[in-house]
Amino acid sequence: MLDIRFIRENTAAVKTAMINRNAEVDVEALLVLDRRRRTLVSEVEELKADRNKISKSIGLMIKEGKDPETIKTQVRKMGDRISELDEELREVVAQLREALLYSPNMPSETTPIGKDENDNPVVRSWGKKVELDFEPVAHWDLGASLNLFDLERGAKIAGSGFPLFIGRGAKLERALIQFMLDLHTEEHGYTEIAPPFMCNDTAMTGTGQLPKFAEDMYAVPIDGLYLIPTAEVPVTNMYGDEILKELPIYHTAYTPCFRREAGSAGKDTRGLLRVHQFDKVEMVKFTTPETSAEEHEKLTLDAERVLQKLGLHYRVIELCTGDLGFSAAKCYDIELWAPAQDKWLEVSSCSNFNDYQARRANIRYRNEDGKTAFIHTINGSGVALPRLVIAIMENNQNSDGSIDLPEALWPYMGGLQKLA
RNA sequence: GGAAAGGUGGCUGAGUGGUUUAAGGCGCUGGACUGCUAAUCCGGUGUGGGACUUGUCCUACCGAGGGUUCGAAUCCCUCCCUUUCCGCCA
């Protein structure tokens with residue numbers, strides 16, 4: 001959420017930012033609501049001050065044995081007026097808050113300006129494309145022939161997009177999760193969290209999923225809960241309404257993620273390319289405003305380290321203003337090369353939210369002056385599994401249909417070096 | 001699922017309708033005293049919002065939301081959460 005005071009004092013910059021984002025935000029309407037709110041507050045608080053004074057004098061009158069009935073009638077009328085104004089104020093405040101909750105974050109000053117994904121610059125890349133002396137086989141065929149997963153049976157019990165892993169395939173999922181968590185906790189300084197996989201409205205609003213993206217999530221309305229689309233939601237909101245004493249905080253968490261993918265029906269439907277349930281290891285940082293930019297760069301490197309250890313060719317792109325996510329101020333995507341798909345697959349999205357989520361979730365710290373201020377939040381996938389599994393399978397395949405496992409995974413696969 | 005007791009500042013803990021303007025204690029912090037430390041004494045220590053003369057005033061906040069009243073931390077209603085006991089259960 002943006003600070004209404006910031007909008008008031010930087011109106012032109014906010015308007016420009018929203019245009020660069022292709023976001024339709026009526027900034028003038030926000031300012032009108034803000035002016036109305038402040039007028040009402042002044043009016044109603046003046047009345048309350050008067051009422052408080054008179055009520056106190058009634059207490060004194062009773063003590064002195066005087067009759068307060070005339071004054072009581074008068075104050076009752078004031079009370080009626082106060083109720084009216086209070087209700088109008090509540091309405092205006094609710095409208096303003098709602099409008100702010102639907103307004104995306106300001107892109108950071110370093111975010112490149114651009115229209116859509118075609119304007120995203122490539123920041124760097126690592127490794128190089130594998131050269132296979134045979135036609136690469138798609139992961140869905142490899143998975144079926146090696147019996148690593150059974151997508152038909154997954155669809156039978158839950159629907160398409162709910163993969164079911166078998167045997168060594170299931171173990172590979174578990175091995176990757178364990179490998180990534182160990183790397184982040186033992187070498188990158190993150191503390192592991194095992195959070196709830198469902199969250200309430202407040203948490204979903206805190207990180208920005210609600211109110212705008214409700215239809216992207218699976219809901220359990222009878223309990224007022226949603227299945228989490230990312231560990232970012234529980235791990236960020238665990239500090240909601242708190243004043244944090246020690247910063248920075250680094251957390252990593254494995255969770256399954258649930259996404260309805262409502263807007264992408266019919267796209268990337270084959271195999272594990274785009275699924276409704278997937279495993280992911282997430283990294284989340286809580287920092288001061290001064291260090292967040294640097295911490296964001298470091299977190300992105302932590303995600304890249306996973307891919308380097310697995311020996312996978314990747315590139316890092318930076319999202320331009322037109323492609324930036326709703327809550328993010330700056331974002332790097334990491335993409336893996338998949339030879340049989342003949343394209344890059346996004347496996348990580350590393351974002352700096354500045355104080356946008358912290359203001360929504362009310363997460364603060366005390367700055368050098370001892371004043372409370374909003375912290376900055378940063379998070380990124382470290383990394384998401386299905387497309388990582390695709391890349392491992394398609395890049396490491398042999399002409400006989402077997403797949404070499406990366407050496408870093410051997411200890412986690414009970415010494416197994418090859419899927420054959 | 002049933003029963004009971006609770007929810008008050010960073011922590012602890014009083015407060016059953018009107019100098020409560022939330023006592024007292026702990027902690028933190030500034031000062032005084034002091035070879036040093038400790039102890040002691042004095043002062044300051046919540047959050048959001050609004051206004052303007054930027055330093056003050058006003059306003060709201062005692063789990064959340066309603067209600068009664070001139071006036072609610074206090075009385076009433078609904079909900080949430082915590083603890084303990086019972087039941088069920090991986």
Side-chain angles (χ1 to χ4, degrees), chain A residues 1-9 30-101 194-206 210-211 219-226 234 237-247 249 256 286 355-375:
Chain A
M1 187 157 60
L2 297 178
D3 183 1
I4 186 63
R5 238 173 312 182
F6 177 86
I7 298 175
R8 201 190 297 151
E9 288 159 14
L30 291 171
L31 293 177
V32 167
L33 282 169
D34 179 47
R35 273 196 293 275
R36 181 71 189 136
R37 176 184 65 93
R38 284 184 294 150
T39 307
L40 280 168
V41 164
S42 296
E43 201 176 334
V44 76
E45 288 193 351
E46 200 175 320
L47 277 172
K48 282 179 180 172
D50 287 348
R51 181 178 65 180
N52 288 346
K53 278 192 206 114
I54 299 175
S55 288
K56 228 168 249 179
S57 75
I58 290 176
L60 285 174
M61 286 177 76
I62 292 171
K63 223 172 253 175
E64 290 165 10
K66 293 180 190 161
D67 178 20
E69 284 311 316
T70 323
I71 295 185
K72 274 197 191 180
T73 318
Q74 188 193 329
V75 181
R76 202 174 294 135
K77 275 184 195 144
M78 289 175 70
D80 291 344
R81 179 68 185 145
I82 289 170
S83 300
E84 278 173 33
L85 290 173
D86 260 341
E87 193 168 332
E88 194 177 342
L89 179 60
R90 245 198 316 275
E91 184 76 12
V92 169
V93 167
Q95 279 177 24
L96 180 59
R97 178 175 163 79
E98 186 77 356
L100 286 171
L101 287 176
F197 298 161
M198 295 199 212
C199 283
N200 58 28
D201 273 60
T202 307
M204 289 298 177
T205 304
L210 288 181
V220 186
I222 193 171
D223 294 302
L225 294 169
Y226 295 86
N237 286 287
M238 64 187 273
Y239 294 118
D241 290 323
E242 292 190 31
I243 297 173
L244 302 179
K245 298 228 164 60
E246 307 243 333
L247 294 175
I249 296 171
F286 306 82
D355 64 5
Y356 184 87
Q357 291 183 325
R359 185 171 286 105
R360 291 171 82 111
N362 194 28
I363 308 173
R364 295 173 294 172
Y365 79 113
R366 288 194 190 278
N367 63 21
E368 284 168 2
D369 305 331
K371 298 245 188 214
T372 55
F374 292 108
I375 60 146

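Remember, predicted model here, so these are calculated numbers, not experimental data. Proteins get letters first, then strands, A, B, ... in listed order; numbering begins at 1 in each.
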Checklist outcome for this item: By nearest-heavy-atom nucleotide on RNA chain B, the more 5' of A:Ala373 and A:Ile54 is A:Ala373
Checklist entry - Which nucleotide, B:U47, B:C70, B:G50, lies nearest any side-chain atom of A:Val75? => result B:C70
Checklist entry - With a non-hydrogen cut-off below 4.0 angstrom, is A:Ile243 in contact with a base, only sugar-phosphate, or nothing? => result nothing
Item to check | Whole-Å distance separating the CG atom of A:Asn362 from the C1' atom of B:G46 | outcome: 14 Å
Checklist entry - Whole-Å distance between B:C70 P and A:Lys48 NZ? => result 17 Å
Checklist outcome for this item: Here the distance between atom P of B:G48 and atom CD of A:Glu45, to the nearest Å, is 15 Å
Checklist entry - Are more than 12 heavy atoms from other residues, nucleotides or ligands located less than 6.0 Å from atom CD of A:Glu9? => result yes
Checklist entry - Dot-bracket for RNA chain B: what is it, with Watson-Crick or G-U pairs under 3.5 Å, [ ] where a pair crosses earlier ones, and | for a pair to another strand? => result ((((((((.[[[..)..(.....]]]((((((.......))))))(((((((..))))))).[[[[[..)....]]]]])))))))....
Item to check | Interatomic distance where CG belongs to A:Asp223 and P belongs to B:C79 [whole Å] | outcome: 16 Å
Item to check | Sugar-phosphate, base or nothing in reach of A:Ile71, heavy atoms under 4.0 Å | outcome: nothing
Next on the checklist: Pair A:Tyr239, A:Ile249 - check side chain to side chain contact (heavy atoms under 4.5 Å, CB included), show working.
Outcome noted: CA-CA 11 Å; A:Tyr239 294 118; A:Ile249 296 171; 4.1 Å; yes
Checklist entry - Taking the side chain of A:Arg8 as its heavy atoms from C-beta onward, which of B:G50, B:G18, B:U47 lies nearest to it? => result B:G50
Item to check | Rounded P spacing from B:G18 to B:U12 in Å | outcome: 27 Å
Next on the checklist: B:G48, OP1 or OP2 - any side-chain N/O from A:Thr372 closer than 4.0 Å?
Outcome noted: yes
Checklist entry - Any side-chain N or O of A:Arg51 less than 4.0 Å from the OP1 or OP2 oxygen of B:C70? => result no
Checklist entry - Going through the distances and angles, do A:Met1 and A:Thr205 end up as a side chain to side chain contact (heavy atoms under 4.5 Å, CB included)? => result CA-CA 10 Å; A:Met1 187 157 60; A:Thr205 304; over 6 Å; no
Item to check | A:Gly59 vs A:Lys245, nearer the 5' end of RNA chain B by closest nucleotide | outcome: A:Lys245
Next on the checklist: Counting only heavy atoms not in A:Glu69 (residues, nucleotides, ligands), do more than 12 fall under 6.0 Å from its CD?
Outcome noted: yes
Checklist entry - Is any side-chain heavy atom of A:Gln74 less than 4.5 Å from a side-chain heavy atom of A:Thr70? => result no
Next on the checklist: It should be established whether A:Arg5 places a side-chain nitrogen or oxygen under 4.0 Å from OP1 or OP2 of nucleotide B:G49.
Outcome noted: yes
Checklist entry - Which of these, A:Thr202, A:Leu101, A:Asp201, A:Asn200, sits in a side chain to side chain contact (heavy atoms under 4.5 Å, CB included) with A:Leu210? => result A:Asp201
Checklist entry - Does A:Asn52 have a side-chain nitrogen or oxygen under 4.0 Å from the phosphate oxygens OP1 or OP2 of B:C58? => result no
Item to check | Spacing of the P atoms in B:C62 and B:U21 (rounded, Å) | outcome: 14 Å
Checklist outcome for this item: Between CD1 of A:Ile58 and P of B:A72 the distance, given in whole Å, is 12 Å
Would you mind writing out the side-chain donor-acceptor pairs for residues 30-47 of chain A within the sub-3.5 Å range, not counting sequence neighbours?
{"from": "A:Asp34", "atom 1": "OD1", "to": "A:Arg8", "atom 2": "NH2", "distance (Å)": "3.4"}
{"from": "A:Asp34", "atom 1": "OD1", "to": "A:Arg37", "atom 2": "NH2", "distance (Å)": "2.9"}
{"from": "A:Asp34", "atom 1": "OD2", "to": "A:Arg8", "atom 2": "NE", "distance (Å)": "2.7"}
{"from": "A:Asp34", "atom 1": "OD2", "to": "A:Arg8", "atom 2": "NH2", "distance (Å)": "3.2"}
{"from": "A:Arg36", "atom 1": "NE", "to": "A:Glu88", "atom 2": "OE2", "distance (Å)": "3.4"}
{"from": "A:Arg36", "atom 1": "NH2", "to": "A:Glu88", "atom 2": "OE2", "distance (Å)": "2.3"}
{"from": "A:Thr39", "atom 1": "OG1", "to": "A:Arg35", "atom 2": "O", "distance (Å)": "2.9"}
{"from": "A:Ser42", "atom 1": "OG", "to": "A:Arg38", "atom 2": "O", "distance (Å)": "3.2"}

Checklist entry - Considering only B:C58, B:G48, B:C70, which nucleotide approaches the side chain of A:Ala49 most closely? => result B:C58
Next on the checklist: With rounding to the closest Å, how many angstrom separate the C1' atoms on B:A23 and B:U59?
Outcome noted: 24 Å
Checklist entry - If the C1' atom of B:C89 is compared with that of B:A22, how far apart are they to the nearest Å? => result 45 Å
Next on the checklist: Measure CD1/A:Ile4 against C1'/B:G49 and give the value in whole Å, please.
Outcome noted: 14 Å
Checklist outcome for this item: Between A:Ile375 and A:Ala358, the two heavy atoms sitting closest are O-CB, 3.2 Å
Checklist entry - Closer than 4.0 Å, any side-chain N/O of A:Arg38 to the OP1 or OP2 of B:G49? => result no
Checklist entry - Base, sugar-phosphate alone, or nothing: which one does A:Ser57 contact when heavy atoms must sit under 4.0 Å apart? => result nothing
Checklist entry - Given atom CG of A:Asp241 and atom P of B:C61, what is their separation to the nearest angstrom? => result 18 Å
Next on the checklist: So, using side-chain hydrogen bond (donor to acceptor under 3.5 Å, both in side chains) as the criterion, who are the partners of A:Asp241 when residues are at least two apart?
Outcome noted: A:Asn362
Item to check | B:G1 versus B:C88 - spacing of their P atoms, nearest Å | outcome: 16 Å
Item to check | Spacing of A:Ile62 atom CD1 relative to B:G17 atom P, expressed in whole Å | outcome: 14 Å
